[in-house]
**Student:** 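Sharing a structure with you now.
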2 protein chains.
Amino acid sequence: MKAFDKLVVLDLTRVLAGPYASMMLADFGADVIKIESPATGDDSRSFGPFVGKESAYFMSLNRGKRSMTLNLKSPEAQELFKKMVKKADIVVENYRPGTMEKFGLGYDVLREINPRLIYAACSGFGHSGPYMSKPAYDVIVQGMGGIMSITGQEGGEPTRTGASVGDITAGLFTVIGILTALYSRSATGKGQKVDVAMLDCQVAILENAIARYLVSGTVPGPIGNRHPSITPFEAFRAKDGYIIIAVGNDRLWEKFCQLVNRTELIHDERFATNASRTKNQKQLKTILDGIFPAQTVDAWIEILDGAGIPCGPINTVDRVLTNPQIQARDMIVEVVHPVAGSLKMPGLPIKLSETPGAVETPAPLLGQHTEKILQDFMGLSKEQIADLRAQKAI
Amino acid sequence: MKAFDKLVVLDLTRVLAGPYASMMLADFGADVIKIESPATGDDSRSFGPFVGKESAYFMSLNRGKRSMTLNLKSPEAQELFKKMVKKADIVVENYRPGTMEKFGLGYDVLREINPRLIYAACSGFGHSGPYMSKPAYDVIVQGMGGIMSITGQEGGEPTRTGASVGDITAGLFTVIGILTALYSRSATGKGQKVDVAMLDCQVAILENAIARYLVSGTVPGPIGNRHPSITPFEAFRAKDGYIIIAVGNDRLWEKFCQLVNRTELIHDERFATNASRTKNQKQLKTILDGIFPAQTVDAWIEILDGAGIPCGPINTVDRVLTNPQIQARDMIVEVVHPVAGSLKMPGLPIKLSETPGAVETPAPLLGQHTEKILQDFMGLSKEQIADLRAQKAI
């Protein structure tokens, strides 16, 4: 049994933030009906990389969902969608605000049809405020929300985080919003609207950067990979890659100096305490930069692990896939797609003891389940389905 | 009414990942009882920046919670904790695996006491696998999980994301795990264990980097702020800061060239299509680098917005606080702390129409609510509380 076995989700999302959210609901058992435009479907079906003609980008975000086509500009499709809403628990969409209203399918309409409905909207700037109607992309909200201004090498340019944290954190907050509304519904019987903005989520993950600025008056900038107040707590170049060490206190520092045969550093005034090491971080880095190239990353990890000094490699993506811990945790799963064949993708980072999630079915082909959903879920006859096709509603 | 008004959370978390998770439960109304060690409390109470003697770091992560002290090494405190578990819905902790078992308070013990209990553990590497007992910090899982290897300037060093996405994404997935277990409990009446590892979460947010590597065979590295397959889609230096533009298709490119009076670029073979612009991205960047310094960021935004070209500034943290959209969305809230006074912090990025969350009370002083919780929630007498104090259990 999975946690969301009986939940029906009408999924109007495209590209990344929304599909990431509905993927998590599917992983835990929800029947996620992905509703796509008939001709081209989710825009990301045309995003590389491709396996044959199938987008690996799309496939890795839409596993476990079913696909049906629906032309939401057609009145017949709009009527059909309203009937589907009667039988659904959740609608999730990531259109620009106002789009659903243009289809005559805004929350105010849908709540009348199904007062238990949870309606989740995930957009760039949210459903209120002066920027409401502006277009957004991951890089734009990363820039606007402050995270780029504190990411990068010290004194260098502001830097985009290489994973799309603008989209993905919005997807995660959207899931939390949906599940909070579900919990509330179990008490009140009433659904509600969940409004999540990508920009808001960037502010929410800034955490202590805001406090640091307000308390000190200094605008935070990028500081590379080091810790602002603990030293040494950063990455160094070893013989064959980078090693990160996190020497959190003076006791570990003493141990570290012994391990690398540099005991004179322990009593060096510049480095004797964490405060002095942080003050003289650049001088210390120059010294440590001379030490780490002597060994490989794996050799350093064995040495440092043995002494209880927190450390780790900077893994490239190929090494992530073969890492023993990541494998032991089933964090890389393999799904067989009927056209593209076997494909590896990230697994589920939430391990539940009683109702564990699972990745069981591949991403759907465009409209793969249209007929089945219309027949079994909506009870339409073959003739009615043929009519919808003739009307170009599906 | 808030969604979690009746939920009782026993919160054993410290520092960032765990407190971030329980903060979200508190924001939506849960009674989060933060249980801290009597002498020093949550380690992050000693992390800067400080307002007077109060940690702004701690205060911005623990709003809306109550604090009681409990020395979990003491047998009396362990007994008291077990009695509290009987009346609680959720226990959340972010100790290293094995610590709760050392206290005699592992999940196997607690589930016997309260089969409805949801037990959430958020750790560095999770409760299984070869790295299970290793210490972790944000920078270590950012390094090990692959995100650092794809963040940074092109050809440059791997770069840590300036916000602690290693901790924070783990906090978000932990909340999703808790709420999924709560939904499951509403059907089965049974609680369960939620096991979330910071490293697993880093793999889960890598998304298409894994697909890109597996399909192409090329290990992805940092590519600065640009998009791998859409051009121009990156940041440029304007007169007084950076402007990001996202020219997603050829129609927008034509508009852009007209706006900047460089119509000859439209038909320049090197830049005529998105594919050719991406192929010749460096040449194009050199040209655009000559265009943007002519105007301020605000002037560019007015020009580009008017033409419907997605764009935005790279805001530093001070500009995030005064941004009109962020203000309109209540994304900066002010809380008055009894000792530190008024403090600004990020608001809630999940807007619910019926049971909205809110930031209402400041972070607690260490043990501020110990007596009240023992009296009202546990029904202890003043004498019993005095005994616990004498035994150094609280």
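So that the names make sense, note that chain A is the first sequence line, chain B the second, and so on, each numbered from 1.
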**Student:** Can you tell if the side chain of B:Ile326 reaches within under 4.5 Å of the side chain of A:Met144, non-hydrogen atoms only?
**Tutor:**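 Heavy-atom side-chain distance check fails, nothing below 4.5 Å.
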**Student:** Is it the side chain or the backbone of B:Lys190 that comes within 4.5 Å of chain A heavy atoms, both, or neither?
**Tutor:**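 Answer is side chain: those atoms of B:Lys190 sit under 4.5 Å from chain A.
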**Student:** Among A:Thr161, A:Asp167, A:Leu199, which one satisfies side chain to side chain contact (heavy atoms under 4.5 Å, CB included) with A:Gln142?
**Tutor:**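 That would be A:Thr161; it is the only one of A:Thr161, A:Asp167, A:Leu199 passing the side chain to side chain contact (heavy atoms under 4.5 Å, CB included) with A:Gln142.
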**Student:** Taking side chain as everything from C-beta outward and backbone as N, CA, C, O, which of these in B:Ser229 sits under 4.5 Å from a heavy atom of chain A? Side chain, backbone, both or neither.
**Tutor:**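 B:Ser229 has no heavy atom closer than 4.5 Å to chain A.
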**Student:** Does any backbone or side-chain atom of A:Ile243 lie under 4.5 Å from a heavy atom of chain B? Answer side chain, backbone, both or neither.
**Tutor:**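 It is neither, since no heavy atom gets under 4.5 Å.
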**Student:** Using non-hydrogen atoms and a 4.5 Å limit, figure out which bit of A:Met132 sits close to chain B: side chain, backbone, both or neither.
**Tutor:**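 Just the backbone, heavy atoms under 4.5 Å.
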**Student:** Report the option among A:Pro228, A:Ala328, A:Pro49, A:Gly145 that has the most heavy-atom pairs separated by less than 4.5 Å from atoms of chain B.
**Tutor:**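 It is A:Pro49.
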**Student:** With a 4.5 Å cut-off on heavy-atom pairs, point out which of B:Leu343, B:Thr174, B:Asp305 contacts chain A the most.
**Tutor:**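 Highest number of pairs under 4.5 Å: B:Asp305.
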**Student:** Relative to chain B, which segment of A:Ile205 carries a heavy atom at a distance below 4.5 Å: side chain, backbone, both, or neither?
**Tutor:**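 When you check distances to chain B, atoms from both the backbone and side chain of A:Ile205 fall under 4.5 Å.
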**Student:** Under 4.5 Å, counting heavy-atom pairs only, tell me which of A:Phe47, A:Tyr57, A:Phe28 racks up the most with chain B.
**Tutor:**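 Highest number of heavy-atom pairs under 4.5 Å: A:Tyr57.
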**Student:** Which atoms of B:Pro313 are under 4.5 Å from chain A, going by heavy atoms: the side chain, the backbone, both sets, or neither?
**Tutor:**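 Both backbone and side chain.
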**Student:** Give the member of A:Ile245, A:Val141, A:Leu182, A:Leu25 that has the highest number of heavy-atom pairs under 4.5 Å with chain B.
**Tutor:**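 Option with the greatest count: A:Leu182.
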**Student:** With only heavy atoms counted, which part of B:Ser186 is less than 4.5 Å from chain A, the side chain, the backbone, both or neither?
**Tutor:**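 Neither the backbone nor the side chain of B:Ser186 comes within 4.5 Å of chain A.
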**Student:** Could you look at A:Tyr20 and say if it's the side chain, the backbone, both or neither that has a heavy atom under 4.5 Å from chain B?
**Tutor:**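 Answer is side chain: those atoms of A:Tyr20 sit under 4.5 Å from chain B.
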**Student:** Measure distances from A:Cys311 to the heavy atoms of chain B and classify the residue's part below 4.5 Å as side chain, backbone, both or neither.
**Tutor:**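 When you check distances to chain B, only backbone atoms of A:Cys311 fall under 4.5 Å.
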**Student:** Taking side chain as everything from C-beta outward and backbone as N, CA, C, O, which of these in B:Lys344 sits under 4.5 Å from a heavy atom of chain A? Side chain, backbone, both or neither.
**Tutor:**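 For B:Lys344, backbone and side chain are both near chain A.
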**Student:** Contact part of B:Phe125 toward chain A, heavy-atom cut-off under 4.5 Å: side chain, backbone, both or neither?
**Tutor:**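 Its backbone and side chain both get close to chain A.
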**Student:** In terms of heavy-atom pairs under 4.5 Å with chain A, which of B:Met148, B:Met331, B:Arg329 leads?
**Tutor:**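 The candidate making the most pairs under 4.5 Å is B:Arg329.
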**Student:** Out of A:Gly312, A:Ser60, A:Ala163, A:Gly124, return the one with the most heavy atom pairs under 4.5 angstrom to chain B.
**Tutor:**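 Looking at each option in turn, the highest pair count goes to A:Ala163.
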**Student:** Against chain A, label B:Leu214 side chain, backbone, both or neither, depending on which of its atoms sit under 4.5 Å from a heavy atom there.
**Tutor:**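 Only the side chain of B:Leu214 comes within 4.5 Å of chain A.
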**Student:** Among B:Ser353, B:Pro356, B:Pro346, B:Ser184, which has the most heavy-atom pairs under 4.5 Å with chain A?
**Tutor:**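 If we count pairs closer than 4.5 Å to chain A, B:Ser353 comes out on top.
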**Student:** Can you say whether B:Val215 sits under 4.5 Å from chain A via the side chain, the backbone, both, or neither, judging by heavy atoms?
**Tutor:**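 Just its side chain gets close to chain A.
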**Student:** Do the side chains of B:Ile140 and B:Met198 get nearer than 4.5 Å, heavy atoms only?
**Tutor:**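 No, side chains not in contact.
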**Student:** Can you say whether A:Leu321 sits under 4.5 Å from chain B via the side chain, the backbone, both, or neither, judging by heavy atoms?
**Tutor:**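 Just the side chain, heavy atoms under 4.5 Å.
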**Student:** Taking every heavy-atom pair that is under 4.5 Å apart, which of B:Gln325, B:Glu354, B:Arg160 has the most such pairs with chain A?
**Tutor:**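 Most heavy-atom pairs within the cutoff with chain A belong to B:Gln325.
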**Student:** Please state whether the side chain, the backbone, both or neither of A:Ser216 comes within less than 4.5 Å of a heavy atom of chain B.
**Tutor:**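 No part of it gets close to chain B.
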**Student:** Can you say whether A:Ile301 sits under 4.5 Å from chain B via the side chain, the backbone, both, or neither, judging by heavy atoms?
**Tutor:**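 For A:Ile301, the contact with chain B is made by the side chain alone.
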**Student:** Considering only heavy atoms, which portion of A:Asp318 lies under 4.5 Å from any heavy atom of chain B: side chain, backbone, both, or neither?
**Tutor:**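 Both the backbone and the side chain of A:Asp318 come within 4.5 Å of chain B.
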**Student:** Looking only at heavy atoms and a cut-off of under 4.5 Å, which of A:Thr169, A:Asn323, A:Asp5, A:Val51 has the most pairs with chain B?
**Tutor:**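 Looking at each option in turn, the highest pair count goes to A:Asn323.
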**Student:** Name the option with the most non-hydrogen atom pairs under 4.5 Å to chain A; the candidates are B:Pro135, B:Gly129, B:Ser164, B:Ala204.
**Tutor:**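 Heavy-atom pairs under 4.5 Å are most numerous for B:Ala204.
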**Student:** Hey, is B:Lys351 close enough to B:Asp330 for a salt bridge, meaning N to O under 4.0 Å?
**Tutor:**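 Answer for the salt bridge query: no.
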**Student:** Can you tell me which of A:Gly191, A:Gly126, A:Pro130, A:Ala3 forms the most heavy-atom pairs within a distance under 4.5 Å of chain B?
**Tutor:**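 Looking at each of A:Gly191, A:Gly126, A:Pro130, A:Ala3 in turn, A:Pro130 comes out on top.
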**Student:** Can you see which heavy atom on B:Gly156 is nearest to which on B:Pro222, and at what distance?
**Tutor:**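 Shortest heavy-atom contact: O-CG, 3.9 Å.
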**Student:** Pick from B:Val203, B:Val196, B:Ile178: which one has the most heavy-atom pairs with chain A under 4.5 Å?
**Tutor:**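 When all of B:Val203, B:Val196, B:Ile178 are compared, B:Val203 has the most.
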**Student:** Given that the side chain runs from C-beta out, which part of A:Ile309 has a heavy atom under 4.5 Å from chain B: side chain, backbone, both or neither?
**Tutor:**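 Neither the backbone nor the side chain of A:Ile309 comes within 4.5 Å of chain B.
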**Student:** At a heavy-atom separation under 4.5 Å, does B:Phe173 approach chain A through its side chain, its backbone, both, or neither?
**Tutor:**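 B:Phe173 touches chain A through backbone and side-chain heavy atoms alike.
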**Student:** So which part of A:Ile176 gets closer than 4.5 Å to some heavy atom of chain B, the side chain, the backbone, both or neither?
**Tutor:**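 Both parts, heavy atoms under 4.5 Å.
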**Student:** Tell me, side chain or backbone of A:Lys193 under 4.5 Å from chain B's heavy atoms, or both, or neither?
**Tutor:**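 Both the backbone and the side chain of A:Lys193 come within 4.5 Å of chain B.
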**Student:** So for B:Ile230, is it side chain, backbone, both, or neither that comes closer than 4.5 Å to the heavy atoms of chain A?
**Tutor:**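 For B:Ile230, no heavy atom lies under 4.5 Å from chain A.
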**Student:** Taking the six-membered ring for Trp, are A:Tyr119 and A:Tyr107 parallel (under 30°), tilted (30 to 60°) or perpendicular (over 60°)?
**Tutor:**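 Ring orientation, 0 to 90° scale: tilted.
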**Student:** Checking heavy atoms, do the side chain of A:Ile223, its backbone, both or neither come under 4.5 Å from chain B?
**Tutor:**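 Answer is neither: A:Ile223 stays 4.5 Å or more from chain B.
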**Student:** Under a 4.5 Å heavy-atom cut-off, does chain A meet the side chain of B:Tyr131, its backbone, both or neither?
**Tutor:**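 Looking at B:Tyr131, backbone and side chain both touch chain A.
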**Student:** A:Val219 versus chain B, heavy atoms under 4.5 Å apart: side chain, backbone, both or neither?
**Tutor:**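 The answer is the side chain of A:Val219.
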